[in-house]
**Student:** 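Supplied in structure tokens, the structure appears directly below.
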Amino acid sequence: MAVATCWSTTVTLPLSPHPDLAVEAGLHFDSSLPYAVRLLFPPVGRIEAVEWVFGRDLLNEGRLAPAGHGDVTIRPGTAGDVLVTLHGGTGAAVVSIPAEIVTGFLLECYALVPVGREHEHLDVDGLVAQVLEAS
């Protein structure tokens with residue numbers, strides 16, 4: 001049986017034209033995808049929801065020291081925050097998330113699916129069925 005957690009918070013975009021503007025966001029974890037977390041920005045006005053999926057361990061490593069390469073990099077900030085840099089086709093955005101939110105969220109994720117037990121939560125047969133249906 002899949003279990004999930006979601007932590008809502010406000011984040012800032014420190015390198016944007018409005019670095020102090022609070023933006024709603026959510027950190028999501030679902031045990032059916034035990035290696036991943038999702039950072040979700042809900043729709044605002046005519047802007048659709050935006051979702052980034054990256055490694056749970058990457059988020060954990062990045063809150064303590066710079067981690068990652070490619071589309072997502074994470075590092076500790078200087079003001080009690082965790083900085084997530086998201087690289088997309090139109091550029092990059094730095095998202096500042098309060099460190100206590102990231103830590104609490106990760107503690108809950110690891111309580112739901114401990115390190116080394118992720119494989120017990122994968123539904124390989126279900127994934128194969130989805131791939132075959134999409135073909």
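If you're wondering where the values come from, they're calculated on a predicted model, not measured in any experiment.
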**Student:** side-chain contact (heavy atoms from CB on, under 4.5 Å) for E108 and F29? Distances and angles first, verdict last.
**Tutor:** CA-CA 9 Å; E108 196 165 308; F29 174 78; over 6 Å; no
**Student:** Can you get from L40 to Y35 by hopping between Ile, Leu, Val, Met, Phe, Trp and Tyr side chains that sit under 4.5 Å apart?
**Tutor:**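 Different clusters.
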**Student:** If you look at every heavy atom in E24 and F41, which pair is closest and at what distance?
**Tutor:**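 Looks like O-CD2, 3.7 Å.
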**Student:** Are any non-hydrogen side-chain atoms of V72 and L86 less than 4.5 angstrom apart?
**Tutor:**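 Yes, close enough: below the 4.5 Å cut-off.
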**Student:** What residues form a side-chain hydrogen bond (donor to acceptor under 3.5 Å, both in side chains) with E61, not counting sequence neighbours?
**Tutor:**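 Listed in chain order: nothing, the list is empty.
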**Student:** Is the shortest heavy-atom distance from the side chain of I97 to the side chain of D81 under 4.5 Å?
**Tutor:**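 No, too far: nothing below the 4.5 Å cut-off.
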**Student:** Would the distance check show the side chain of S31 and the main-chain N or O of V3 forming a donor-acceptor pair, the cut-off being under 3.5 Å?
**Tutor:**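 Looks like yes, one N/O pair under 3.5 Å.
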**Student:** How close do T10 and P98 get, counting heavy atoms only, and between which atoms?
**Tutor:**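 Minimum heavy-atom contact is O-CD, 3.7 Å.
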**Student:** List the atom of G62, the atom of V82, and the distance in Å for their closest heavy-atom pair.
**Tutor:**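 Heavy atoms only, the tightest pair is O-CG1, 4.5 Å.
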**Student:** For T12, which residues count as a side chain to side chain contact (heavy atoms under 4.5 Å, CB included) partner, sequence neighbours excluded?
**Tutor:**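 By the side chain to side chain contact (heavy atoms under 4.5 Å, CB included) rule, T12 matches P14, S96.
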**Student:** Out of curiosity, does V23 fall in the hydrophobic cluster containing I74 (side-chain heavy atoms, cut-off under 4.5 Å, transitive links)?
**Tutor:**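 Hydrophobic grouping puts I74 with V23.
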**Student:** Any non-hydrogen side-chain atom of T73 less than 4.5 Å from a side-chain atom of F54?
**Tutor:**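 No, side chains not in contact.
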**Student:** For the residue pair L27 and C6, establish whether any side-chain heavy-atom pair is separated by less than 4.5 Å.
**Tutor:**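 The answer is no, as the side chains (C-beta and beyond) never meet within the 4.5 Å cut-off.
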**Student:** Considering all heavy atoms of both residues, which atom of D71 and which atom of W52 are nearest to each other, and what is their separation?
**Tutor:**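 So the two residues come closest at O-CZ3, 4.0 Å.
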**Student:** Okay, side chain of T103, backbone of A99: is any donor-acceptor separation there less than 3.5 Å?
**Tutor:**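 It does hold such a pair.
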**Student:** Could you tell me whether the side chain of L39 reaches within less than 4.5 Å of the side chain of H28, counting heavy atoms only?
**Tutor:**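 Contact flag for H28/L39 side chains = no.
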**Student:** List the atom of P34, the atom of V113, and the distance in Å for their closest heavy-atom pair.
**Tutor:**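 Minimum heavy-atom separation between P34 and V113: CB-CG1, 4.0 Å.
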**Student:** Considering all heavy atoms of both residues, which atom of P66 and which atom of R75 are nearest to each other, and what is their separation?
**Tutor:**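 The pair with the smallest heavy-atom distance is CA-CB, 3.9 Å.
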**Student:** Is V95 close to L13 at the side-chain level, that is, under 4.5 Å between some pair of heavy atoms?
**Tutor:**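 Yes, close enough: below the 4.5 Å cut-off.
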**Student:** Please check: side-chain N/O of R63 versus main-chain N/O of V102, any donor-acceptor pairing under 3.5 Å?
**Tutor:**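 Not a single qualifying donor-acceptor pair exists.
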**Student:** Taking side chain as C-beta onward, heavy atoms only, is E48 less than 4.5 Å from P43?
**Tutor:**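 Answer no - side chains too far apart.
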**Student:** Is there side-chain contact between L106 and L59, with at least one heavy-atom pair below 4.5 Å?
**Tutor:**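 Yes. Closest side-chain heavy atoms under 4.5 Å.
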